[in-house]
2 protein chains.
Amino acid sequence: MIETRRRQIEVAASELFRSQGYAATSVRDIARALDLQGASLYSHVASKEDVLFAIVDRAASRFEDALRAAEAAADANAVGPLERLASIVRAHATLVAREPELASVFATEWRHLGGERRSSILARRDAYEGRLRAVIADGMATGDLAMTDPAIAAAFLLSALNGIAGWFRPDGRLSAEDLADRYADLAVRALAT
Amino acid sequence: MIETRRRQIEVAASELFRSQGYAATSVRDIARALDLQGASLYSHVASKEDVLFAIVDRAASRFEDALRAAEAAADANAVGPLERLASIVRAHATLVAREPELASVFATEWRHLGGERRSSILARRDAYEGRLRAVIADGMATGDLAMTDPAIAAAFLLSALNGIAGWFRPDGRLSAEDLADRYADLAVRALAT
DNA sequence: CCTACCGATCGGTAGG
DNA sequence: CCTACCGATCGGTAGG
């Protein structure tokens with residue numbers, strides 16, 4: 001277990017950033033959650049923004065991995081565009097439901113990042129959204145999906161999916177997987193011919 | 001034109017709260033947008049939180065009015081559950097697209113309100129969401145809408161709708177009304193039998 | 001990882 | 001609506 005402390009800081013910060021927002025969370029808030037003095041955090045991180053970036057960067061990678069895996073599985077099973085879309089939605093929803101702090105900070109706190117980091121994260125978000133748009137456009141080309149503006153459909157779906165982080169309780173009566181199935185169903189119905 | 005200055009403050013604050021968030025926006029930021037000194041704001045408002053509450057309270061009323069109007073129109077025309085749902089979605093989407101600052105602050109900054117104000121706003125949000133759930137449940141009872149958990153369907157739709165504030169440009173190639181039509185279409189398709 | 005401390009900025013008040 | 005100012009808190013550093 002190397003870098004455990006650093007990880008603890010990121011986990012505690014994710015929870016605080018999610019519930020209070022980055023700007024309203026002080027370095028001392030994060031330290032207190034770990035029973036440290038505020039200044040002691042700086043033995044492990046260079047700045048508050050560094051902690052935010054680490055979280056957001058990790059979140060971006062998780063979403064990219066989930067998308068890649070969903071697409072690879074769809075390729076391997078040679079499924080149609082409808083099932084490909086469903087498995088992407090399922091993957092995204094599952095990730096948000098399982099790690100709402102990560103997803104919520106990724107979705108809303110990136111604007112507190114400085115210039116380069118911010119644009120790098122935005123570029124990755126755009127690329128992700130672009131992949132989803134392409135899947136939707138492909139489905140329209142084969143006639144499996146109804147004709148709509150793929151950009152609008154993608155924005156519609158991503159907002160719905162990311163919204164899960166705002167209300168889903170992982171310890172509630174509904175499992176992340178069940179939730180993901182419902183969302184995939186709603187998404188497919190919304191877009192299928 | 002009474003209370004113009006007060007209104008200007010709220011408008012400037014909405015824009016700043018939307019783009020930077022409430023916590024990252026200082027009283028002096030708001031004042032600067034109006035060419036005032038920071039302390040001068042306090043001739044018009046009692047506190048920074050007061051400004052936030054005024055915005056969020058106004059936003060809540062706007063959404064309540066829009067919902068009421070959509071339901072009244074549906075009642076007057078005796079339309080079915082499908083068209084009733086469509087007109088509610090259209091009304092909500094139009095409002096978010098026309099006033100993204102108001103909608104975005106309402107959707108995300110309420111947590112910076114203190115105890116009573118916060119719970120009052122949350123109660124109104126819950127009531128609004130409850131109305132949407134009821135419309136969905138009614139549509140399922142008549143067989144116009146497919147059987148799903150109305151709470152999940154409502155959360156799905158509201159997240160998608162509120163997400164509009166995050167990307168829609170009122171001066172872009174798509175009008176608020178066209179956007180609203182697309183969203184109503186997606187919503188109806190997602191839920192219809 | 002702590003104590004001690006820094007300059008900057010915060011929301012807000014006094015008094016005009 | 002302004003100037004002058006307040007105590008509190010902010011992110012971060014020095015030195016151990």
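Just so we're on the same page: letters track the sequence lines, and every chain starts at 1. FYI, side chains are in, hydrogens and waters are out, and symmetry mates aren't considered; it's all heavy atoms of this structure.
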Inset, instruction - Let me know the distance between CD of B/Q37 and P of C/dT9, rounded to the nearest Å. - result: 15 Å

Legend entry - Protein-nucleotide distance (A/R32, atom CZ; D/dT9, atom P), rounded to Å: 10 Å

Pairs under 3.5 angstrom only: tabulate donor-acceptor contacts from the side chains of residues 130-139 of chain A to other protein residues two or more places apart or in another chain.
| from | atom 1 | to | atom 2 | distance (Å) |
| --- | --- | --- | --- | --- |
| A/R131 | NE | A/E71 | OE2 | 2.8 |
| A/R131 | NH2 | A/E71 | OE1 | 2.9 |
| A/R131 | NH2 | A/E71 | OE2 | 2.7 |

Inset, instruction - Can you sort out the partners of A/A66 under side chain to side chain contact (heavy atoms under 4.5 Å, CB included), two or more places apart, ordered by chain and number? - result: A/A91, A/L95

Inset, instruction - Applying side chain to side chain contact (heavy atoms under 4.5 Å, CB included), name anything that partners B/R98, two or more places apart in sequence or on another chain. - result: B/T94, B/A176, B/E177

Inset, instruction - Could you tell me whether the side chain of A/R125 reaches within less than 4.5 Å of the side chain of A/E129, counting heavy atoms only? - result: no

Legend entry - Contacts of type side chain to side chain contact (heavy atoms under 4.5 Å, CB included), residue A/A59, not counting sequence neighbours: A/L102, A/F106

Inset, instruction - Determine whether A/R169 and A/L174 make a side-chain contact, defined as any pair of heavy atoms from C-beta on separated by less than 4.5 Å. - result: no

Inset, instruction - Please answer: with hydrophobic residues joined when any side-chain heavy atoms are less than 4.5 Å apart, are A/L85 and A/V79 in the same cluster? - result: no

Inset, instruction - Report the secondary structure of DNA chain C in dot-bracket form, marking unpaired bases with a dot and bases paired to a different strand with |, and treating Watson-Crick or G-U pairs with both distances under 3.5 Å as paired. - result: ||||||||||||||||

Inset, instruction - Answer yes or no: is there an ion pair linking B/D65 with B/R62, defined by an N-O contact shorter than 4.0 Å? - result: no

Inset, instruction - Heavy atoms under 4.0 Å is the rule here; annotate nucleotides 11-16 of chain D 5' to 3' with B where the base is hit, S where only the sugar-phosphate is, and - elsewhere. - result: BBB---

